[in-house]
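First listed ligand is number 1; within each ligand, the first listed atom is number 1.
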Amino acid sequence: MLRLTSEEEEMAGGARGKAAEKAMDLLIRYANALGAERFVETNNVAGVPGSAHQWLKDQYKNDGGDYRAVFCKFDLDANEVFDIPVMTGNACHLQGGMDPELWREQGYSPEAFANAESDEKNTAALNIRNLKTCTPYLAGNEPKFGEHCAWMESSAVVYCNSVLGARTNTEGRESTSAAMITHRIPDWGFHRDEFRLGDHLVEVDVRVNDIFEWGMLGYYIGEIVQEEIPVIDGAISNAGLIELKHFGAAAASSGGVEMYHLVGVTPEAPVREKAFGGKTIKSRIRYGADERRKTYENLNIRGKSTDVDYVMLGCPHAAIDQLETAARLLDGKKLNDGTALWIFTSRYVKTQAQAKGYVDVIKKAGGLVMTDTCSAIAQSIPKGTKVAALDSAKQTHYLPAFMGIEAWFGTTEDCINAALSGKWQGELS
Ligand code: F3S
């Protein structure tokens, strides 16, 4: 039975304005569907409020067909259109559909860009930060340990819960838009201690030490545990930000992992016992040489031709160190004629990379550094692409399925070599 505080009662009753009333109505329906007994307060919300392609706006042409109509009727599921108040808390916009400068290269029309630009102005006017990334934690929104958040984007959610020890479920557009207005989200799932304990033990006995290896490990584990919580122990090393970013994204794409524990690494797993918190271990999973090889073969199952015409890096959006690596590998070289290289990152990180000269080096070699989106989200690849090379297990999972292309998965170096030679030569050492 859901209980409301007096402030929540006021919002639901309309005393704090129409937007709060409708947002609360949506959240109450959501909480009741989940069986939540109360809400938690949140001041950290990451979603995609109000943004829409023109075709969605056209569905609301009788209501004005604009940002406001989409926010009220689509996001908040309301039956009328009203003013959205300026947000008073920490609200940010995750990745969108196109780069603000390189949208032509991505194949967008001037009309589509004008629509996106207009949405962005509306978002900014509501005091929502346009971080435009799947890695808000690399762009100025890093929640504190234990903080209740309401985030969308599976790779960000798993990072938020596991690495930062903050608390969020994988929210949707509707719940995040409503939470921006009310600062409430149902007290359910990962907001509660008992939901955050491990289910499965994964014992690793091959060395896992870079994004290639961490991506494969995540992909392997996600397929087995699906939406449950793995506790990983063993030969794990070098578990830095970039490695964990790739690990979590992979586990969230082959399965639906929203939280994991790495014994001795992540904050809620100083030791194995603490990660399980007395819960019975459901299964013991081993990741050794055989499992590693099978995962590599599985990820490369859609690679046939070794002629590579597109290399995509930056899924999840590249950190500054990854752009430094790409610039170092490309310095003074030229891409193969007929092979494109697009590297995706956030605006925040791109600005840093520009200051350090990495963007120029990549550009001189023939590559592009893009922001705000990625090939899978935008469903945008260079014209004529038949074969891609990727260093992200997550992108390898999605891109061939979305775009009907072949894809190779390998190390960042394998991918850059493919961009320079036009040939895939990656193999498992
Ligand atoms: Fe980010 Fe796109 Fe990957 S939005 S996590 S780069 S699929």
So, Asn90 and Arg129: side-chain donor and acceptor under 3.5 Å apart, yes or no? yes
Considering only protein heavy atoms, which is closest to atom 5 (S) of ligand 1, and at what distance to one decimal place? Lys394 NZ, 3.4 Å
Among non-hydrogen protein atoms, atom 1 (Fe) of ligand 1 lies closest to Cys134 SG, 2.4 Å
If you count the atoms of ligand 1 from 1 in the order shown, which ones are under 4.0 Å from a heavy atom of Glu153? 5 (S)
Going by atom types only, do Thr123 and His93 share a side-chain donor-acceptor pair under 3.5 Å? no
Could you label the plane-to-plane angle of the Trp424 and Trp408 rings as parallel, tilted or perpendicular, counting under 30° as parallel and over 60° as perpendicular? parallel
Among protein heavy atoms, which lies nearest atom 2 (Fe) of ligand 1, and at what distance? Cys374 SG, 2.3 Å
The atoms of ligand 1 lying under 4.0 Å from a heavy atom of Gln95, numbered in the order shown, are 4 (S)
Verify whether one side chain among Tyr310 and Ser375 offers a donor that lies under 3.5 Å from an acceptor in the other. yes
Which of the numbered atoms in ligand 1 are under 4.0 angstrom from any heavy atom belonging to Ile377? 2 (Fe), 4 (S)
What atoms of ligand 1 come closer than 4.0 angstrom to any heavy atom of Ser155? 5 (S)
Under a plain distance cut-off of 3.5 Å, with no hydrogens placed, do Glu153 and Ser155 share a side-chain donor-acceptor pair? yes
Gln395 heavy atoms within 4.0 Å reach ligand 1 at atoms 3 (Fe), 7 (S)
Give a yes/no answer: is there an N/O/S atom of Cys315 under 2.8 Å from atom 1 (Fe) of ligand 1? no
Would you check if there is a donor-acceptor pair between the side chains of Glu171 and Tyr30 at a distance under 3.5 Å? yes
May I ask you to decide if the ring planes of His148 and His191 are parallel, tilted or perpendicular, using 30° and 60° as cut-offs? tilted
Has Gly314 got any heavy atom lying under 4.0 angstrom from an atom of ligand 1? yes
Does ligand 1 have any atom that is closer than 4.0 Å to a heavy atom of Ala249? no
If you take the centroid of each ring, where Trp contributes its six-membered ring, are Tyr219 and Phe409 closer together than 6.0 Å? no
